[in-house]
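What follows is a single structure, written as structure tokens, with notes after it.
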Amino acid sequence: GTSTLAPGQPLNCNGKVRVCTGGACRRDGAHATLVELEELACLVKPNEVIVDQYNCFGLCGRGPNVSIDWDDGSEEMNTGVRSTEQSLSIIRRATGIQPEASGLAARLQELRRVSGLEQELAEAQ
């Protein structure tokens, strides 16, 4: 499935962000990373930044893996994205805007924790 913040909207930021949600990355916490990046993208450029799920970049065991796809066709790969600080950095590079994280960090860490629990429950069923 695709998680797009603004269906049909033109990409007005510098890059499109894709999060691997394949097996190994999913086990490494990709769902939490995806949720966090979506939240940050919405905060910085509401209805403009696109955060997509991607099946596999072929970098299994190094995840969660996140790609920033630039308009010129180049790609910036980020491996092992497991922290709010890394997510903040990715959104800053993709949009050119530094997310205002004061007061947000605790909420994002809780989102990350809850997403991880949801993932564990889904896999247990």
Side-chain angles (χ1 to χ4, degrees):
T2 299
S3 177
T4 305
L5 294 176
Q9 286 287 333
L11 184 60
N12 294 328
C13 64
N14 293 332
K16 176 179 177 179
V17 178
R18 293 184 297 158
V19 180
C20 178
T21 53
C25 283
R26 190 173 55 246
R27 284 187 297 279
D28 287 340
H31 182 69
T33 299
L34 175 70
V35 168
E36 188 169 74
L37 287 167
E38 286 175 330
E39 188 79 12
L40 286 169
C42 190
L43 176 73
V44 213
K45 287 201 170 185
N47 304 318
E48 292 182 21
V49 178
I50 296 173
V51 178
D52 278 337
Q53 295 182 41
Y54 189 77
N55 186 42
C56 186
F57 292 111
L59 298 170
C60 306
R62 295 175 58 192
N65 299 307
V66 178
S67 168
I68 300 173
D69 296 344
W70 301 106
D71 291 340
D72 66 3
S74 64
E75 170 184 279
E76 177 187 326
M77 184 59 64
N78 300 271
T79 58
V81 181
R82 292 186 181 93
S83 73
T84 299
E85 292 75 27
Q86 289 169 298
S87 293
L88 285 164
S89 176
I90 287 167
I91 293 300
R92 180 186 53 76
R93 288 196 311 279
T95 65
I97 298 171
Q98 176 64 47
E100 179 51 55
S102 62
L104 184 66
R107 180 164 173 257
L108 287 174
Q109 287 167 355
E110 181 62 13
L111 262 176
R112 185 172 272 285
R113 188 186 72 74
V114 169
S115 294
L117 292 174
E118 288 174 353
Q119 183 64 41
E120 287 174 25
L121 282 172
E123 289 176 5
Q125 294 177 354

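Computed from heavy atoms alone, side chains included, the values below leave out hydrogens, waters and symmetry copies.
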| message | If you define the side chain from C-beta out and look only at heavy atoms, does anything of K16 sit under 4.5 Å from I68? | response | no
| query | Taking atom types as modelled, is there a side-chain donor on E36 or T84 under 3.5 Å from an acceptor on the other? | reply | yes
| Once you round to the nearest 0.5 Å, how far does OG of S67 lie from CZ of F57? | 4.5 Å
| field | R26 to T21 - nearest heavy-atom pair and separation | value | NH1-O, 3.2 Å
| query | Which heavy-atom pair separates T79 from Q86 by the least distance, and what is that distance? | reply | O-NE2, 4.2 Å
| query | Going from CD on Q98 to CD1 on I91, what distance comes out if it is rounded to the nearest 0.5 angstrom? | reply | 10.5 Å
| Rounded to the nearest 0.5 Å, how far does CG of L59 lie from SG of C20? | 8.0 Å
| Non-hydrogen atoms of G29 and P64 that approach each other most closely | C-CG, 3.8 Å
| task | For R82, check salt bridge (charged side-chain N to carboxylate O under 4.0 Å, His left out) against everything at least two apart and list the hits. | result | D28
| task | Measure the spacing between CZ of R93 and CG of L88 and express it to the nearest 0.5 Å. | result | 11.0 Å
| Sole candidate of V17, T33, T95, V19 that passes side chain to side chain contact (heavy atoms under 4.5 Å, CB included) when paired with I90 | V17
| field | salt bridge (charged side-chain N to carboxylate O under 4.0 Å, His left out) partners for E75, two or more places apart | value | R18
| Nearest-0.5 Å distance, CG of residue N78 to OG of residue S89 | 7.0 Å
| field | For N55, all residues meeting side chain to side chain contact (heavy atoms under 4.5 Å, CB included), sequence neighbours excluded | value | none
| remark: Correct closest heavy-atom pair for G80 and N65 would be N-OD1, 4.0 Å
| field | L40 CG to R92 CZ distance, which is reported to the nearest 0.5 Å | value | 12.5 Å
